[in-house]
Amino acid sequence: MSVSVRLPTILRPQAGGLSEISAEGGTVGEIVDDVVRQFPGTASHLKAPDGGLHRFVNVYLNDEDVRYLGGLETPVPAGAQLSIVPAVAGGGG
Amino acid sequence: MALYHSVLDLIGDTPLVDVSALSPNPGVRILAKLEGQNPGGSVKDRAAKAMVEEAEKEGRLVPGSVVLESSSGNTGIALAMICRIKGYRLTVVLPENVSVERRQLLEVWGADIVSSPGAEGSNGALRLAQGLAAEHPDWLFPYQYGNPANPKAHYEGTGPEIWRDCPEVTHFVAGLGTAGTLMGVGRFLKERNPNVQLWAVEPPAGEMVDGLRNLDEGFVPPVFIDNDGPALLDRKLIVRARESIEWTRRLSDVGVFAGISSGSAMAAAAKGAHQLDEGVLVVLAADGGWKYLSTGAWTADLDDVVDRATRLIYF
């Protein structure tokens, strides 16, 4: 199953300049792995050495942070939108 | 009515008001905690006062001392007011693209402003402040992202106030930011009732993220990590600028004139309310609407406001 994945500016050079790509998989982890398969340059940006998500990367499934859903195991329904967003000191007032 | 000896005593004990008229689900009550009622105009009065008074206790501040902070607005304004009252000087590092009212308010309280590049957002302001702190070891750099007095102000103030006013609370919804509010209130409420759910709201990162040069410039606030944030939070949602502004406008339908991050929190609460059978959601309205008038948030064409929101820091 194919879903749409939005990439942040910082990853676009590693993905042929694209801001949105499609990737295959039934879980967040499978989709992230497919992004890495298509664009190997994104690997070190997305994955931590232990195989989890990089600590400064947040992945949102339809605007919900997957860390508070089921992490990489979170099932991804058809037609969903994944967004990869770097963690920054935003909104600190 | 009461007689207060200092404006500092007006900080905290903010009202909780029922805004359930805006709830999309009749089984779900929504209450807004109006932090704009603080004398400096935002929830940040609480953390600013706690950080300054903690430093005083430790003997790190004397009359005439310089305090330094990086802030996209409210913390700087709160510190500026408190430093003015207490006789300290304040230097604030502020991204150049914050709304004009924030700069004006800092000027009211006599703070020195150092501008950081807008494209680098709060991250850039923080980096610049860290550099200044290293150059001036005698300055006090409270560092709201890592100062335990920040969540403590909410553990001892905001959380107990919510529990006193609404022990039937089932969910607490607030912006993430430094994580001080969510960690302090969340920890307090969960100790009283472990079933209380904690929802964090994040604005879309927009250009703040575009200013990153590499991912290792990313940032997770130490306050969040030190309080075991990943385990304490139950949910984290992104709310887009359009929904935030729409909900900021809806709040005015019930007489609540609040800032745009309050609209974000209301949008998240409304989204979650659809998914619940029943509940009592307490939403933190972090500031009043005054500082956002120049953005046209209530009156200008919605598309124009949303477009401007991607360039200005509204949150």
- Task: Name the member of B:D234, B:V43, B:I77 that forms the most heavy-atom pairs with chain A at distances under 4.5 Å.
- Result: B:D234

- A:N58 versus chain B, the contacting section by heavy-atom distance below 4.5 Å: side chain

- Message: Below 4.5 Å, heavy-atom pairs only: which of B:L233, B:D287, B:V220 has the largest tally toward chain A?
- Response: B:L233

- Test: B:K236 and A:E64 ion pair at under 4.0 Å: no

- Task: Nearest 0.5 Å please: distance from the CG atom of B:L237 over to the CG atom of A:N62.
- Result: 11.0 Å

- salt bridge (Lys or Arg N to Asp or Glu O under 4.0 Å) between B:R240 and A:D63: does it pass, once the steps are laid out? CA-CA 9 Å; B:R240 315 248 154 225; A:D63 295 342; 2.5 Å; yes

- Message: Please find the pair of heavy atoms, one from A:Y60 and one from B:E202, that lie closest to each other, and give the distance.
- Response: OH-OE1, 2.5 Å

- Query: Taking atom CD of A:Q81 as the centre, does the number of heavy atoms from other residues, nucleotides or ligands within less than 6.0 Å exceed 12?
  - Reply: yes

- Task: Grab the two heavy atoms, one from A:Y68 and one from B:F224, that are nearest each other, plus how far apart they are.
- Result: OH-CZ, 3.2 Å

- Message: If you count heavy-atom pairs within less than 4.5 Å of chain A, which of B:A268, B:P230, B:S42 leads?
- Response: B:P230

